[in-house]
Asker: 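Just dropping this structure here.
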Amino acid sequence: MSSQSGGAKRQARVLKGFRDYLPEQMILRQRIIGIFRDIFERHGFEPLDTPALEYLEILTGKAGENEKLMYRFEDAGGREVGLRYDLTVPLARVVAMHQNDLALPFKRYHIAPVWRAENPQRGRFREFWQCDADIVGSASPLADAEVIAIMAEALEAIGIPEFVIRISHRRLLESLGHAAGVPPELATALYRSIDKLDKIGPEGVTRELTAAGLSEKQAAKVLELVTRRGEPLQLLAELREALAGIEGAEAAIADLEQIFRVLPAFGVAPKRYTLDLTLARGLDYYTGPVFEATVTEPKVGSVGGAGRYDGLVGAFLGRSIPATGMSLGLERIIEVVREHGLLPIPATVADVALVFFPETVAPAAQLASTLRAEGLRVDLSLQPHRGVGDQLKLADRKGIPVAVILGSSELEAGSAQVKDLRSGEQCGVPLAELATAVRDYIDRA
RNA sequence: GUGCCUAUAGCUCAAUCGGCAGAGCGCUUGUCUGUGGAACAAGAGGUUGCGGGAUCGUGCCCCGCUAGGCACCCCA
């Protein structure tokens, strides 16, 4: 038996790492999502959505160690299910299930929440939104390049001042390992340590590598190869020489060369990308080129990750289909936007507040309809009895830029008062010209 | 999942050694019958995150829980 009022009340709360999005935040989130959607569609990517909940076996096959971060439980029918961990695995499932309905290469975007049972931190939540764009059915580095270009365009469109897309290649890293004499079973440990270079430094990496079983010489060799810096194409030429005869190296280098040649043609500025072989990335399903967009200020880690995963669709289908794609993290991008004060947006969706009196309720409601038909977003006051002052104050507090005041004297004159709530400027306007006048005031902002 | 730090009014934060829980802003009302932001005055608002313990007595000490921040891990 629950109490209705009085008695013990239920404590209002939300789960750790989960949040409410109040209107002001929603307006910003929707704005950013709209920008991304435009860019994705401009590249011919189609929208897709999938269920939040999947059979657990769909999610667990290729996630490797991340399985422990997955929300999993048994549903009321006894099925083992899980909340999706990313948008890539569901895409692979969709392609496998609907291959007859999809023309390859299939380009899709997917903007939706995913769930990971991690400890929350700045820009890190248990429920968060990813904005993904992927290409399924093309093995060409051209597809990788387009994905990188979209990522760069998206971050550029938001106005993020300092971002760099680091580009690496799983196969090339493997070859580096071979060249240094690292046994295959230590490859994973190798990637993980190298990935931490900027955090723990060369000494830290050396310590970890030798602890994992590499000799000091091997560790030093790997570090030397991986930390080379320079103009990408020139650096690749050097690596081609250094890795001559090493299995897989040539193909990986050729992939990267194609990517770096095409990127400028896609309109990506050279300062926005770099060849960085210390990038490995954690997800097990990456098989080729991998990319990551990092922002140095504020420190929210990467704002987007990407890469080629040629084996993932095949895991559901039996025959292999190549795929590549990228993922932008909405929450982390919002952190950057907030930190730098980018994308100034109104705190409300309303263009105009309609203020009136008990004796002008009906005409005011009618006027609101007219203004809405003209395309304005009208917040009709619901408290005419509270007086003009209070209504104006409330409208201003909400952040509405303009008020229209309709009283009986205006009504008799066939006009209304239009007031700029920021400057206080006000004048009478004939009803027929009202919408235009309101727009003029808004544009003055 | 692990470690460290934190939690006091709607918000930001005070509160001496363990001794009556406060300020600023915001909010409500009034000065002000159809014009907000200013000023002045008054007022409301708290089981000090939740639960337990030690103490004559706790916002303050101890334990557990929950949430937030930072780091690890991992990642968007």
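Values in this document were obtained by computation on a predicted structure and should not be read as measured data. Numbered from 1 within each chain, the chains take letters A, B, ... in sequence-line order.
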Asker: Round to a whole Å and report the spacing from NZ of Lys196(A) to P of C73(B).
Answerer: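 Nearest whole value for this atom pair: 4 Å.
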Asker: Salt bridge check: are Glu162(A) and Lys271(A) linked by an N-O gap of less than 4.0 Å?
Answerer: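 Looking at Glu162(A) and Lys271(A), the cut-off is not met.
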Asker: Across the strands shown, which category fits Asp420(A) at heavy-atom distances under 4.0 angstrom: base, sugar-phosphate, nothing?
Answerer: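 Base contact.
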Asker: Taking only Watson-Crick and G-U wobble pairs with both distances under 3.5 Å, what dot-bracket line describes RNA chain B, where [ ] shows pairs that cross earlier ones and | shows pairs with another strand?
Answerer: (((((((..((((.....[..)))).(((((.......))))).....(((((..]....))))))))))))....
Asker: Report yes if some heavy atom in the side chain of Asp134(A) is under 4.5 Å from a heavy atom in the side chain of Arg108(A); otherwise report no.
Answerer: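 Yes; the side chains approach each other to less than 4.5 Å.
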Asker: Which one, A76(B), C74(B), G37(B), comes nearest to the side chain of Tyr85(A)?
Answerer: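 Of the candidates, C74(B) comes closest.
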Asker: In whole angstrom, what separates Lys393(A)'s NZ from U35(B)'s P?
Answerer: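 The distance from NZ of Lys393(A) to P of U35(B) comes to 14 Å, rounded to the nearest Å.
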Asker: Of the candidate nucleotides C74(B), A76(B), G68(B), which contains the atom at the shortest distance from the side chain of Tyr286(A)?
Answerer: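 The answer is A76(B).
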Asker: Rounded to whole angstrom, note down the C1' distance from C50(B) over to G36(B).
Answerer: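 The answer is 41 Å between these two C1' atoms.
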Asker: What residues from residues 121-130 of chain A pass a heavy-atom cutoff of under 4.0 Å to RNA chain B?
Answerer: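 Contacting residues: Gln121(A), Arg122(A), Gly123(A), Arg124(A), Phe125(A), Phe128(A), Gln130(A).
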Asker: One thing to verify: whether Asp86(A) and Arg84(A) come together as a salt bridge, which I'm taking to mean a side-chain N less than 4.0 angstrom from a carboxylate O.
Answerer: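 Judged by the 4.0 Å cut-off on N to carboxylate O distance, Arg84(A) and Asp86(A) do not form a salt bridge.
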Asker: Give me the distance, rounded to whole Å, that separates A38(B) from G18(B) when you measure between the C1' atoms they each carry.
Answerer: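 The same atom, C1', in both gives a distance of 45 Å.
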Asker: Does anything in residues 21-37 of chain A reach RNA chain B, meaning a heavy atom under 4.0 Å, and if so which residues?
Answerer: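 Contacts with RNA chain B under 4.0 Å: none.
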Asker: Any heavy-atom pair between the side chains of Trp129(A) and Ile33(A) that's under 4.5 Å?
Answerer: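 A side-chain contact under 4.5 Å exists here.
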Asker: Just the rounded figure in Å: distance from C1' of G36(B) to CZ of Phe356(A).
Answerer: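 Whole-Å distance recorded here is 17 Å.
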Asker: Hey, which of Leu392(A), Asp379(A), Leu380(A) is the one that makes side chain to side chain contact (heavy atoms under 4.5 Å, CB included) with Val355(A)?
Answerer: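 The option that passes is Leu392(A).
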Asker: Kindly determine whether Ser168(A) and Asp276(A) satisfy side chain to side chain donor-acceptor pair (under 3.5 Å), including the steps that lead there.
Answerer: CA-CA 6 Å; Ser168(A) 183; Asp276(A) 183 350; over 6 Å; no
Asker: Can you tell me the distance, in whole Å, between the CZ atom of Arg116(A) and the C1' atom of G1(B)?
Answerer: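 For the pair Arg116(A) CZ and G1(B) C1', the rounded distance is 17 Å.
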Asker: State whether the number of non-hydrogen atoms from other residues, nucleotides or ligands found under 6.0 Å of Glu80(A) atom CD is greater than 12.
Answerer: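 Above 12, so yes.
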Asker: Rounded to the nearest angstrom, tell me the gap between atom CD1 in Ile200(A) and atom P in C74(B).
Answerer: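 Interatomic distance, CD1 of Ile200(A) to P of C74(B): 10 Å.
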Asker: Can you tell me how far C1' of A76(B) sits from CD of Glu335(A), to the nearest Å?
Answerer: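 These atoms are roughly 12 Å apart.
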Asker: Return the nearest nucleotide to the side chain of Asn119(A); candidates are U2(B), C74(B), C75(B).
Answerer: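 Looking only at side-chain atoms, Asn119(A) lies closest to U2(B).
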Asker: Report which part of the nucleic acid Leu421(A) touches: base, sugar-phosphate, or nothing (heavy-atom distance under 4.0 Å, all strands).
Answerer: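 Answer is base: heavy atoms of Leu421(A) come under 4.0 Å of a base.
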Asker: What I want to check is whether an N or O donor and acceptor connect the side chain of Gln426(A) with the base of U35(B) at under 3.5 Å.
Answerer: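 Flag set: donor-acceptor pair detected.
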Asker: Check this one for me: any side-chain N or O of Arg422(A) less than 4.0 Å away from OP1 or OP2 of G36(B)?
Answerer: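 So the side-chain polar atoms of Arg422(A) never come under 4.0 Å of the phosphate oxygens OP1 or OP2 of G36(B).
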Asker: Write down the distance between CG (Leu69(A)) and P (G1(B)), rounded to a whole number of angstrom.
Answerer: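 Rounding to the nearest Å, CG of Leu69(A) and P of G1(B) are 11 Å apart.
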Asker: Mapping Asp396(A) and Pro120(A) onto RNA chain B by nearest heavy atom, which one lands closer to the 5' end?
Answerer: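 It is Asp396(A), whose closest nucleotide lies nearer the 5' terminus.
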Asker: Using the C1' atom in both, what is the distance from G37(B) to G64(B), to the nearest Å?
Answerer: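 G37(B) and G64(B) have their C1' atoms separated by 49 Å.
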Asker: Examine Arg166(A) relative to Tyr273(A) and say whether NZ or CZ is less than 6.0 Å from the centre of the six-membered ring and inside a 45° cone about the ring axis.
Answerer: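 No - Arg166(A) does not lie over the ring of Tyr273(A) by the 6.0 Å and 45° rule.
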Asker: With heavy atoms under 4.0 Å as the rule, sort Gln391(A) into base, sugar-phosphate or nothing.
Answerer: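 Counting heavy atoms under 4.0 Å across all strands, no contact is made by Gln391(A).
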Asker: To the nearest angstrom, how far is Asp195(A) atom CG from C72(B) atom P?
Answerer: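 Roughly 13 Å, once rounded to whole Å.
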Asker: Determine, for Glu331(A) against Arg29(A), whether the closest basic-nitrogen to carboxylate-oxygen distance falls under 4.0 angstrom.
Answerer: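 Answer for the salt bridge query: yes.
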Asker: Hey, which of Arg124(A), His340(A), Arg122(A) is the one that makes side-chain hydrogen bond (donor to acceptor under 3.5 Å, both in side chains) with Glu335(A)?
Answerer: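 Considering Arg124(A), His340(A), Arg122(A), a side-chain hydrogen bond (donor to acceptor under 3.5 Å, both in side chains) with Glu335(A) is found only for Arg122(A).
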Asker: Looking at every strand, decide which applies to Asp390(A) at a 4.0 Å heavy-atom threshold: base, sugar-phosphate, or nothing.
Answerer: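 Touches nothing.
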Asker: With sugar-phosphate meaning primed atoms plus P, OP1 and OP2, does Gly389(A) contact a base, only sugar-phosphate, or nothing at under 4.0 Å between heavy atoms?
Answerer: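 Result for Gly389(A) = sugar-phosphate.
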Asker: Between Phe45(A) and Tyr109(A), does a ring pair (Phe, Tyr, Trp, His ring centres under 6.0 Å) hold up when you go through it step by step?
Answerer: CA-CA 6 Å; Phe45(A) 284 60; Tyr109(A) 70 91; 7.8 Å; no
Asker: Starting at the 5' end of RNA chain B, which residue's closest nucleotide do you reach first, Glu292(A) or Gly424(A)?
Answerer: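 With Glu292(A) and Gly424(A) compared, the 5'-side residue is Gly424(A).
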Asker: Tell me whether Arg116(A) forms a cation-pi arrangement with Tyr71(A), defined as NZ or CZ under 6.0 Å from the six-membered ring centre and within 45 degrees of its axis.
Answerer: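 Negative - Arg116(A) is either too far from the ring of Tyr71(A) or too far off its axis.
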Asker: Which part of the nucleic acid, if any, lies within reach of Ile405(A) when heavy atoms closer than 4.0 Å are counted: base, sugar-phosphate only, or nothing?
Answerer: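 Result for Ile405(A) = base.
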Asker: Ring of Phe40(A), cation from Arg37(A) - is the NZ or CZ under 6.0 Å from the centre and inside 45° of the axis?
Answerer: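 The answer is no, since Arg37(A) fails at least one limit relative to Phe40(A).
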